[in-house]
Amino acid sequence: MSDHFQELPTRYDPATTETAVYERWLADRCFRAVPDDNPKRYCITIPPPNITGALHLGHALNNTIMDTLGRWKRMSGHNTLILPGTDHGGISTQSVVERDIAKEKLTRYDLGREAFTERVNQWADQYGNTILNQLKRLGCSYDWERTRYTLDEPYVDAIMVVFERLYEQGYIYLGYRIVNWCPFHRTAISDIEVEREDEQSFLYHIRYPFADGSGEVTVATTRPETMLGDTAVAVNPKDPRYEGRIGKALVLPLVHREIPLIADDFAEMDFGTGAVKVTPAHDPNDFEAGVRNHLPTVIVIGPDGRMNENAGAYAGSDRFEARKRILEDLEAQGYLVKTEPHTKSVGRCDRCKTVIEPLLSRQWFCRMTGTPMVSKAIAAARNDEVRFLPGRYREIYLTWMENLRDWPISRQLWWGHRMPLWRKSGGDPDDQASYVAARTREQAEEKAGTADIEQVEDVLDTWFSSALWPFATLGWPDSDADLKYYYPTNGLFTAQEILYLWVARMIMAGEEFLGEKPFDDVYIHATILDEHGRRMSKSKGNGIDPLDLIELYGADALRYFLMSQAGLRQDIRMKPIKDGRQEQVEQARNFCNKIWNASRFALLNLEGAAPMGDNRQPTPTTLVDRWILSRLSATAETVGDAFGTYNLDDAARALYQFFWDDFCDWYIEAAKPRFQGEGAAEAKAVLGYVLERTLRLLHPIMPFITEAIWQALPGAKANAGTGYLMFAAFPTGEVARRDEEAEAEWEIVQEITRTIRNVQAENQLKKGGEAYFIPSEPGFGEIARVNAPLIEFLTRCSPLAIGDVPGETVGMPNRYGEVRLPRPRASAEEIAQERARIEKELAKLEKELSGVVGRLSNESFVASAPPAVVEKARSQAADLQERGTKLRDRLASLE
RNA sequence: GGGCGGUUAGCUCAGUGGUAGAGCGUCUGUCUUACAAACAGAUGGUCGGGGGUUCGAAUCCCUCACCGCCCACCA
């Protein structure tokens with residue numbers, strides 16, 4: 001940040017600028033937010049990243065969106081709080097640490113619960129810090145003094161209060177049922193933590209003989225190893241094949257246990273053999289069938305995924321190994337009838353990809369179906385209290401909520417919030433009456449009436465604690481000063497993968513405990529994919545580290561790139577970094593460089609000039625000044641609207657187009673000659689004004705470079721009444737300043753300029769010669785005449801004359817007339833080349849013309865189309881015809 | 001098995017009824033006193049296929065194909 005921009009390099013160096021700017025913001029506590037009497041406030045509690053590792057591009061996108069909107073709101077006069085934090089990450093973090101200690105050939109059981117938890121804590125410290133630093137690198141204007149972590153004491157207290165209340169209200173109950181069991185983590189997980197995928201498998205047909213020797217029943221199964229736990233075989237009651245045999249005993253092969261043949265609707269007659277083996281302890285359907293038919297349960301697979309003592313000869317072997325052995329034995333003993341290929345949906349743990357084992361187990365559940373908590377959360381979406389963007393997610397959310405099943409909340413993990421549940425010694429573990437829920441041991445003893453109690457080992461599902469994020473971070477339940485001011489928060493920004501896991505549960509918790517939704521808008525943003533359209537992930541090794549991109553191109557470039565892609569679409573495809581380059585972000589870096597250099601130019605010219613007048617918009621009389629102010633006005637409007645409707649890509653595009661095309665390629669170019677003449681002062685004032693306003697518009701997306709330049713702009717701080725661009729008012733006053741007339745007139749100047757350049761380039765004419773413009777209407781000629789000095793500068797022609805030209809020329813008609821340039825010494829070859837060009841142009845014209853004429857000769861078009869459209873077509877036709885005539889004349893003159 | 005999103009220039013993507021755009025790439029020029037990470041110009045598309053509605057369809061409707069995502073307890 002130097003006042004001597006002319007001494008600065010011609011290339012923008014983000015590394016030094018970004019660090020310096022951020023340090024100043026931090027030193028002045030610019031991100032600090034506390035409640036005040038400002039009626040406008042904006043609050044986001046950021047989705048706390050899991051402390052599993054460093055941030056990925058998805059986080060960069062997520063946080064750039066929030067920071068951009070937050071900065072926009074802050075500049076728009078809102079008391080803005082963006083509250084950062086991290087999540088302990090439960091099973092995810094336990095997973096990565098288990099993998100980490102595996103490198104030392106250790107398991108969590110080797111370390112024991114206490115030592116393992118300590119390891120995870122070290123991990124959490126390390127990555128928690130890394131994450132927060134990465135967010136700072138990205139430029140996030142978050143209130144770091146409020147940083148929260150889900151294992152912080154006040155946060156844990158909030159969880160305990162919530163749990164106790166839910167328990168007392170009867171939401172939480174003990175259940176003994178089939179759950180998704182991950183044998184790697186040795187814990188239950190919920191349905192939404194299971195990934196399902198079709199895999200090629202086999203359907204095995206196995207013979208189960210009747211005990212009395214009167215034949216047999218053949219069952220079909222994909223999981224023969226579970227047969228050891230079979231307690232029945234079921235057929236459909238309507239199935240004629242088994243009529244009269246219901247109730248008879250079958251002998252279970254290999255184990256030689258007798259099990260009954262039962263009738264139950266769940267057996268489909270047309271699948272397999274119509275007979276299904278029933279294993280209540282290892283299949284949810286079978287479990288229900290078992291309950292209906294009062295069947296015993298036999299667990300044959302243990303928590304570690306190995307066959308247990310009930311598996312007889314197979315005890316101790318892994319479930320997949322057991323499958324192989326059982327098939328061999330069945331085959332050898334003549335029980336295996338046939339094996340056919342079969343596609344099967346296999347569930348895997350979404351963290352470790354281990355195949356899920358449906359296992360009968362004792363778990364704690366949170367009641368969902370039909371509860372007030374759920375209906376309130378449904379109502380909030382249905383009456384649009386909570387708005388979903390894109391809108392289609394509303395239906396997705398509602399469908400899910402309406403079919404919600406109870407939520408298993410206990411986890412047999414070591415990392416997380418231990419459940420505040422105590423069991424009286426000697427109490428039946430299957431009986432809920434043996435337990436008390438209490439926040440502390442003292443309270444538990446009091447409730448239990450004895451000190452002889454023991455806290456349950458299980459921890460809470462990590463999403464149970466995340467559900468409280470929007471209010472537990474704002475002081476609930478102890479203090480309500482922040483809650484009163486900042487709650488409900490304004491938005492929740494996330495990728496779609498945690499819509500159910502997290503978003504739905506926050507809405508329920510907010511409604512239940514605060515009596516109010518946690519946020520107004522749920523904005524589901526894109527997912528970042530690799531160049532082949534696959535999700536980025538560590539295991540695939542196709543991820544890109546955002547820090548690598550920041551180091552290559554700077555945070556502003558990364559932010560701009562992400563915002564330019566952050567439409568209401570589903571995903572963003574990114575190419576990998578190759579040979580030290582990433583094309584997409586490089587383009588954004590080039591934009592940063594453009595901003596840098598345009599600003600250098602302005603500062604060079606403004607240096608000697610007086611400070612930028614007052615804060616009001618200048619009212620110049622020169623066409624190009626009026627035009628750029630009108631374009632600034634249009635851009636300010638587009639950008640404001642786009643931010644307000646979460647169309648961040650529209651904002652990014654509009655800014656790029658305005659800055660590069662309008663401001664740099666036309667306005668600055670046209671400004672150069674004007675700095676010499678008599679209108680120099682006004683020209684400089686407008687240049688300074690437009691640049692300053694544009695920096696404000698750009699700032700939410702590209703905070704570093706804009707702040708750095710703005711600091712060096714003479715008069716900017718004084719006029720804005722703040723020492724920082726990040727607090728300068730976001731331009732809204734520009735909105736009503738469109739100047740249609742100036743835009744139309746400048747378009748004529750542009751068109752003449754383009755045509756001259758075109759003729760120059762196509763004919764490879766040297767710059768410097770005179771040019772002629774023959775207007776098709778006198779008004780066009782007048783505009784060309786007034787702006788001749790600019791056109792001359794922009795095309796390097798000299799001079800520009802209005803009217804016809806003597807001698808040998810080349811030229812091209814355009815919408816406003818015709819441009820002609822003298823052509824000295826044309827060779828036969830050159831003439832042939834020009835003929836070819838003109839013929840090509842003519843063909844293009846004619847094609848266009850025939851389309852328009854075709855429409856106009858269609859009576860129903862003229863009759864039914866809006867008059868404006870018809871009129872436009874007519875003038876288009878006339879215009880095309882005139883240009884065609886000119887081209888033909890030209891062609892004729894070349895003969 | 002249901003539902004959703006996508007398919008537009010070589011690549012990445014804009015464009016929701018008036019006859020298709022941007023950036024990158026490619027080609028041709030240019031050190032024009034902010035920028036070669038730049039400037040000027042050019043090249044490039046029967047808008048996935050088919051059908052329909054309409055004076056008119058990339059855009060609305062139907063259908064098919066392919067890619068991706070979500071949901072679902074047929075062994």
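Fair warning: this is a prediction, and the values are worked out from it, not measured in the lab. Here is the naming used below: chain letters follow the sequence lines, and residue numbers restart at 1 for every chain.
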In whole angstrom, give the distance that lies between atom [atom1] of [X] and atom [atom2] of [N].
X	N	atom1	atom2	result
A:Y393	B:C69	OH	P	13 Å
A:R573	B:U7	CZ	C1'	10 Å
A:N593	B:G23	CG	C1'	16 Å
A:Y560	B:G23	OH	C1'	9 Å
A:M574	B:C24	CE	P	17 Å
A:M563	B:C13	CE	P	16 Å
A:E197	B:C70	CD	C1'	14 Å

Under 4.0 Å, counting only non-hydrogen atoms across every strand here, what does [X] touch: a base, just sugar-phosphate, or nothing?
X	result
A:C664	base
A:G274	base
A:F266	base
A:I668	base
A:E583	sugar-phosphate
A:D650	nothing
A:P866	base
A:T221	sugar-phosphate
A:Q760	nothing
A:A267	base
A:E762	sugar-phosphate

Can you tell me, in whole Å, how much space there is between the [atom1] of [N] and that of [M]?
N	M	atom1	value
B:A40	B:C55	P	44 Å
B:C24	B:G44	C1'	14 Å
B:C47	B:A58	C1'	5 Å
B:U8	B:G49	P	10 Å
B:A65	B:U54	C1'	27 Å
B:G29	B:C64	C1'	49 Å
B:G15	B:C4	C1'	22 Å
B:G21	B:U46	P	15 Å

Inset, instruction - Take A:R754 and A:D649, find for each the nucleotide of RNA chain B with the closest heavy atom, and name the residue whose nucleotide sits nearer the 5' end. - result: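 Nearest-nucleotide comparison on RNA chain B picks A:D649.
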Inset, instruction - Specify the residue among A:K844 and A:R855 whose closest nucleotide of RNA chain B lies further upstream toward the 5′ end. - result: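 This one resolves to A:R855.
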Does [X] get its side chain close enough to the base of [N], under 3.5 Å, for a donor-acceptor pair?
X	N	result
A:Q587	B:A22	no
A:N858	B:C55	no
A:K672	B:A34	yes
A:R589	B:A37	yes

Given [options], the nucleotide with the shortest approach to the side chain of [X]:
X	options	value
A:T10	B:C35, B:U12, B:C4	B:C35
A:K872	B:G18, B:A34, B:U28	B:G18
A:Q584	B:U43, B:A40, B:U12	B:U12
A:R405	B:A34, B:A75, B:C73	B:C73
A:N597	B:C74, B:C35, B:C4	B:C35
A:R757	B:A38, B:G18, B:A40	B:A40
A:R392	B:G5, B:A34, B:A38	B:G5
A:K594	B:G5, B:A75, B:A38	B:A38
A:V869	B:C71, B:A34, B:G18	B:G18
A:Q565	B:A75, B:A34, B:U12	B:U12

For [N], which nucleotide in any strand shown is its Watson-Crick or wobble partner with both distances under 3.5 Å?
N	result
B:C66	B:G6
B:G41	B:C27
B:U53	none
B:U19	none
B:A72	none
B:C47	none

Any [X] side-chain N or O less than 4.0 Å from OP1/OP2 of [N]:
X	N	answer
A:N758	B:A42	yes
A:W596	B:A38	no
A:N403	B:C71	no
A:K847	B:U19	no

Inset, instruction - Using a strict 4.0 Å threshold on nitrogen-to-oxygen distance, state whether A:R392 and A:E395 make a salt bridge. - result: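 Looking at A:R392 and A:E395, the cut-off is not met.
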Legend entry - A:E531/A:K578 ion pair, N-O < 4.0 Å: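 The answer is no: the pair does not qualify as a salt bridge.
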Inset, instruction - Starting from the C-alpha separation in whole Å, work towards a yes-or-no answer on side chain to side chain donor-acceptor pair (under 3.5 Å) for A:R600 and A:N597. - result: CA-CA 5 Å; A:R600 276 180 62 237; A:N597 278 301; 2.6 Å; yes
Heavy-atom count check: over 12 atoms from other residues, nucleotides or ligands less than 6.0 Å from [X] [atom1]?
X	atom1	result
A:R581	CZ	no
A:K344	NZ	yes
A:Q764	CD	no
A:Q200	CD	yes

Legend entry - Considering all heavy atoms, the nearest A:Y523-A:A566 contact: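 Minimum heavy-atom contact is OH-O, 3.3 Å.
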Inset, instruction - Spell out, as yes or no, whether a donor-acceptor pair under 3.5 Å connects the side chain of A:E497 to the backbone of A:T527. - result: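 No.
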Legend entry - Given A:T279, A:I301, A:I326, the one that forms side chain to side chain contact (heavy atoms under 4.5 Å, CB included) with A:R223: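 The residue from A:T279, A:I301, A:I326 that satisfies side chain to side chain contact (heavy atoms under 4.5 Å, CB included) with A:R223 turns out to be A:I301.
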